[in-house]
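Working notes for the structure below.
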Amino acid sequence: MASLLKQSVKLALVQLACTADKAHNLSHARSKVLEATKRGAKIVVLPECFNSPYGTKYFPQYAETLLPSPPTEAQSPTFHALSKLAKEANAYIVGGSIPELVEEEGSKGGDGKDGKKWYNTNLTFAPNGELLATHRKVHLFDIDIPGKIKFKESDVLSPGNKITLVDIPEYGKIAIAICYDIRFPELATIAARKGAFLLLYPGAFNMTTGALHWELQARARAMDNQVFVGLCSPSRDMEADYNAWGHSMIVDPNAEILEQLDEKEGIVVQELKAGRIEEVRKGIPLYTQRRFDVYPDVSEGGRFKE
Ligand SMILES: O=C(O)CCC(=O)C(=O)O
């Protein structure tokens, strides 16, 4: 059987200390990505909102315009910094996420936003500096756990509307989604059934749900789908408004944690081995045991019939 991951590859997750200074965040990200590629990484991931603080009040302030693509340097310094960096590092850069602004001319939606829409958007670049894919966070982080945490991204952000699968010719397909997206297993399952060997989630869980669900979600998505999973967080800053959980980690297709950081800044680098997915799937052959005569294949748009 052909290996889903065509050849072994080193994956790096950069758990970056993100500040309120965008220019600093970009140059700091550059030095950490170059550190990762010196260690042999060929795919390097940055965290959610790596160029800004995380919080609804910050999204409009830090947002960049990405369309029409390519944007000018003034419209999106981050687009250009990542594109240059991918070339310099000679690696695929999965650029975490940034707040994106889309202005629809002449449209005033009556929502007080004057035709402006903001998204939480990933940009992924190839080693030649070309933009390979964008993913706008599909599931917005709206939660309210009394006495613990209340967050409502949808106060400001609009949701994306697609599953993002990126075909990397030398390695195979990777899926990119953002943070809260991990809580929706259908998205992961569809990506895996469409042939992804790796699910990547730039994310910034918090002190409440991080402790409860971060590792569990990572291992669950790997276990359900028998693929590699990478979660990349900012490091924790107790002086910031939002305290990220950290604990970036890479999980293998058998749901074993290959490496996990603590809350401090750091880099995870691990080799994803070609053939490992097939080895795990041979041992526990879920892929040939599914019962699409009993329940539908969500990756084929099947509907449940009673
Ligand atoms: O799902 C969670 O508990 C946290 C999600 C989150 O922090 C985010 O989507 O940014």
Side-chain angles (χ1 to χ4, degrees), residues 13-20 25 45-63 78 94-100 117-123 134-164 175-189 191 199-224 229-238 240-249 251 260-261 263:
L13 312 175
V14 174
Q15 183 162 294
L16 196 72
C18 305
T19 70
N25 293 337
V45 187
L46 289 165
E48 181 179 26
C49 285
F50 77 95
N51 74 359
S52 69
Y54 182 65
T56 45
K57 71 173 184 215
Y58 298 110
F59 297 141
Q61 187 187 335
Y62 284 80
T78 305
V94 178
S97 76
I98 67 168
E100 176 195 0
K117 280 187 173 177
W118 291 274
Y119 298 90
N120 187 339
T121 302
N122 163 270
L123 297 167
T134 59
H135 176 80
R136 289 175 173 159
K137 190 176 193 174
V138 171
H139 304 91
L140 297 180
F141 178 41
D142 288 359
I143 68 168
D144 186 359
I145 307 175
K148 300 279 190 192
I149 178 170
K150 184 173 177 168
F151 204 96
K152 199 158 180 241
E153 274 190 323
S154 67
D155 275 346
V156 176
L157 298 184
S158 295
N161 290 318
K162 70 167 176 69
I163 292 178
T164 303
I176 298 162
I178 299 173
C179 205
Y180 200 60
D181 283 337
I182 199 173
R183 289 188 179 271
F184 300 85
E186 293 88 344
L187 193 148
T189 295
L199 311 175
L200 286 175
Y201 298 93
F205 270 42
N206 51 78
M207 304 294 282
T208 301
T209 62
L212 268 174
H213 294 149
W214 174 260
E215 178 184 319
L216 189 60
Q217 295 282 355
R219 298 187 62 202
R221 297 297 83 79
M223 180 188 69
D224 292 344
V229 173
L231 269 55
C232 183
S233 171
S235 61
R236 189 177 306 158
D237 175 1
M238 292 310 286
D241 301 355
Y242 185 91
N243 311 124
W245 178 241
H247 291 267
S248 298
M249 71 174 79
V251 181
Q260 173 171 194
L261 295 177
E263 75 286 359

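Counting starts at 1 for both ligands and their atoms, in listed order. Computed from a predicted structure; not experimentally measured. If you read the sequence from its start, that first residue is 1, and numbering goes on from there.
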Exercise. Short question: side chain of Q15, backbone of H247 - any donor-acceptor pair under 3.5 Å?
Worked result: yes

With a cut-off of 4.0 Å, which atoms of ligand 1 are near a heavy atom of [X]?
X: Y180; value: 1 (O), 2 (C), 5 (C), 8 (C), 9 (O)
X: E48; value: 8 (C), 10 (O)
X: A204; value: 6 (C), 7 (O)

Seminar exercise, completed: Minimal heavy-atom distance between R136 and T121, with the atoms involved, is CG-OG1, 3.4 Å

Exercise. Any idea which heavy atoms bring F205 and C179 closest together, and the distance?
Worked result: CD1-SG, 3.5 Å

Proximity to ligand 1 by part of [X], non-hydrogen separation under 4.0 Å:
X: Y242; answer: side chain
X: Y54; answer: side chain
X: H213; answer: neither

Exercise. For atom 9 (O) of ligand 1, which candidate among E153, Q217, R183, K137 provides the closest heavy atom?
Worked result: K137

Seminar exercise, completed: In this structure, atom 3 (O) of ligand 1 is nearest to the protein heavy atom T209 OG1, 2.6 Å

Exercise. How close does the nearest protein non-hydrogen atom get to atom 6 (C) of ligand 1, and which residue and atom is it?
Worked result: C179 SG, 3.0 Å

Problem set entry | Test applied, side chain to side chain donor-acceptor pair (under 3.5 Å); reference residue, Q217; option that passes from H213, R219, R221 | R221

For this session: Quickly, which of L16, L231, L13 forms a side chain to side chain contact (heavy atoms under 4.5 Å, CB included) with P47? Name it, please.
Result: L16

Exercise. Would the number of heavy atoms belonging to other residues, nucleotides or ligands and lying under 6.0 Å from NZ of K150 be above 12?
Worked result: no

Problem set entry | Side-chain donor-acceptor pair present, D142, S154, cut-off under 3.5 Å | yes

